[in-house]
Amino acid sequence: MTREQPLLDIENLTVSFPTRQGVFEAVRGISFTLGRERLGIVGESGSGKSMTGRAILRLIRPPGRITARRLEFSGTDLLQLDEHEMRKIRGQRISMVMQDPKFSLNPVMRIGEQIMEIYRFHTGAGKRAAHARAIEMLEAVSIRDPERVMRAWPHEMSGGMGQRIMIAMMMVTEPDILIADEPTSALDVSVQTQVLSIMDRLVHERGMGLIFISHDLNLVASFCDRVLIMYAGRIVEVCAADRLHEAQHPYTRGLLGSLPRLHEPRRHLEVLKRDPAWRETPSVSGRQ
Amino acid sequence: MSRLVFNDLSVWFGEGASRVDAVRHATFEVPSGASFGLVGESGSGKSTILRALMGLAPDWSGEMIVGEQRLGPKRNRAFYKQVQMVFQDPYASLHPRHSVDQVLSEVLKLHGFRDINRRVQALLDDVGLGPGFRFRYPHQLSGGQRQRVAIARALAPEPSVLLLDEPTSALDVSVQAEVLNLLNDLREEHRLTYLLVSHDLAVVAHMCQSTAVMQNGEIVEMLTVEDMRAMRARHPYTCHLLESASGYNPNAAQAL
Ligand SMILES: Nc1ncnc2c1ncn2[C@@H]1O[C@H](COP(=O)(O)OP(=O)(O)OP(=O)(O)O)[C@@H](O)[C@H]1O
Ligand SMILES: Nc1ncnc2c1ncn2[C@@H]1O[C@H](COP(=O)(O)OP(=O)(O)OP(=O)(O)O)[C@@H](O)[C@H]1O
Ligand SMILES: [Mg+2]
Ligand SMILES: [Mg+2]
């Protein structure tokens, strides 16, 4: 990695929600940078992974609140932009594939129209060109019958098809940064490999920065460059992805230990025993 | 007795030129108290088989049997007390304006239970959600937390058959371990029958005695858990699945 300016530079980011029981902090002061790399974020359910992704795009719904000492995208302070300027960044410069793919599609618009609309908005291309490009894109994510899918409604798609359609739409806009939240959790391994290789190419050939949020530790270890491990809104450990299996923090060890293994059957899976002290330890910096 | 029999099941959507044959001639049996896996390509018809059993796919042919009961086009309330499903998409399956408490209380009332308060508490406990979650709404929950609510809701009527569509793909591995242990314990205690869809072969091997592999609407191979662990497969697609079970392999990506 070169020492150039990072794509993202984040310092002391918090996301909080007022609740009846007081203020709940979903993200509690984390710092990291993103270069032209594949950065994995893992951590248990509720640890703040999605909120971190959404905060970067300022997609936290009020009364939720974002604060940060620094939230910079290629030198631009995202917290200073007005909503109009922010909208130009969202989807064009920074894209997010949401954890709930079908939820993010418009339920009353055919799949083809949605992809073509984004493409035409982005490139100003005509209808016919947009149609051809949309078909190409669906083929790239291994959709078997793209012509049918173009005419289909979102509810007619299987779980994995929904995810792939979202990824196809993201490819249309060729963003500088892609935040992919569980983008392959519903995909079988062969389609997953296909989708990951597309993202891989975008990082290596176009210098995109990728934030890859996933529960799949083996996948993150084999696919990413660096990994942030989150617990209770903080980063408890940062490591090179290919060293994930040697991680030290008892929480990370616990996550690794709870995986079922094809070749090592056991009756009961190990369950994480949480130590209250993990919550209190200051966040580890993921800045480079 | 709650065995499941699928005999020459075909399921399709639409008609004429726009007809999609989602499942073609699927035949398999799940003995009472057993756990059976469905794995395979995305879009190959796994969810559709589950939905057909639940009465959510109108056009089908062949035979489906639960216990001794041969299913017709309609399902009654007694059926839904016996058979419950956890849907693949925890976002779409929870009503956005119903709190966790409402979701669970309603199902319990619908099935004629009395001690609602105690049962809601117990269900939340079973799926590892503390009392703090009881009055939250779906948008205040993370993906994994929602899926646990969906599992609690399916367990509420104390069914004897559970259809599980990717029950843990939205969960982190530690919660996954808790949920899988819970599902296994429940199955043993109450002799439940499971039909489980997952793309994670390690999960299927951990949970199921046998598994059908699907591709493009058809079952292409049946495997026992021993076959899986020994990587004994004949169909090229199954071989490919077993080989790529351990993570991302850029060379495999080149080969595609
Ligand atoms: N509107 C809200 N009000 C209160 N708490 C919220 C709200 N939205 C999210 N939370 C809480 O914030 C925490 C972090 O949520 P987040 O969605 O980032 O989790 P996650 O790490 O992505 O989990 P998962 O892996 O299950 O998707 C969770 O405990 C969640 O319950
Ligand atoms: N309501 C519907 N109308 C039309 N086609 C449908 C409908 N529901 C499903 N299909 C089609 O049936 C096929 C099988 O879908 P299904 O959801 O069963 O796949 P799956 O094996 O569960 O895939 P995944 O692993 O991606 O969830 C797909 O081609 C899908 O587009
Ligand atoms: Mg999330
Ligand atoms: Mg499915």
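The 12-atom threshold is exceeded at CZ of B:R19, counting heavy atoms of other residues, nucleotides or ligands nearer than 6.0 Å. Crowding of B:E189 atom CD: a count of heavy atoms from other residues, nucleotides or ligands under 6.0 Å exceeding 12.
Relative to the ring axis of A:F24, B:R136 places its NZ or CZ within 45° and under 6.0 Å from the centre.
No hydrogens or angles considered: nothing links the side chains of B:N184 and A:H268 as a donor-acceptor pair under 3.5 Å.
Contacts from residues 215-229 of chain B to chain A, taken as heavy-atom pairs separated by less than 4.5 Å, involve B:Q215, B:N216, B:M228, B:R229 in sequence order.
Minimum interatomic distance between B:L201 and A:L262 (heavy atoms only, all atoms of both residues): O-CD1, 4.1 Å. Nearest heavy-atom pair across B:S42 and A:S158 is OG-OG, 3.8 Å. Of all the heavy atoms in B:G40 and A:D188, the pair that sits closest is O-CB, 3.5 Å.
Considering only heavy atoms from C-beta on, B:Q176 comes within 4.5 Å of A:P260 through its side chain. Considering only heavy atoms from C-beta on, A:R151 stays 4.5 Å or farther from B:S18 through its side chain.
Interface check for chain B: of the options A:M161, A:R266, A:R267, A:E182, the most heavy-atom pairs under 4.5 Å are formed by A:R267. When the candidates A:E270, A:M51, A:R144 are compared by the number of heavy-atom contacts under 4.5 Å with chain B, A:R144 comes out ahead.
For B:L180, the part lying under 4.5 angstrom from a heavy atom of chain A is the side chain only.
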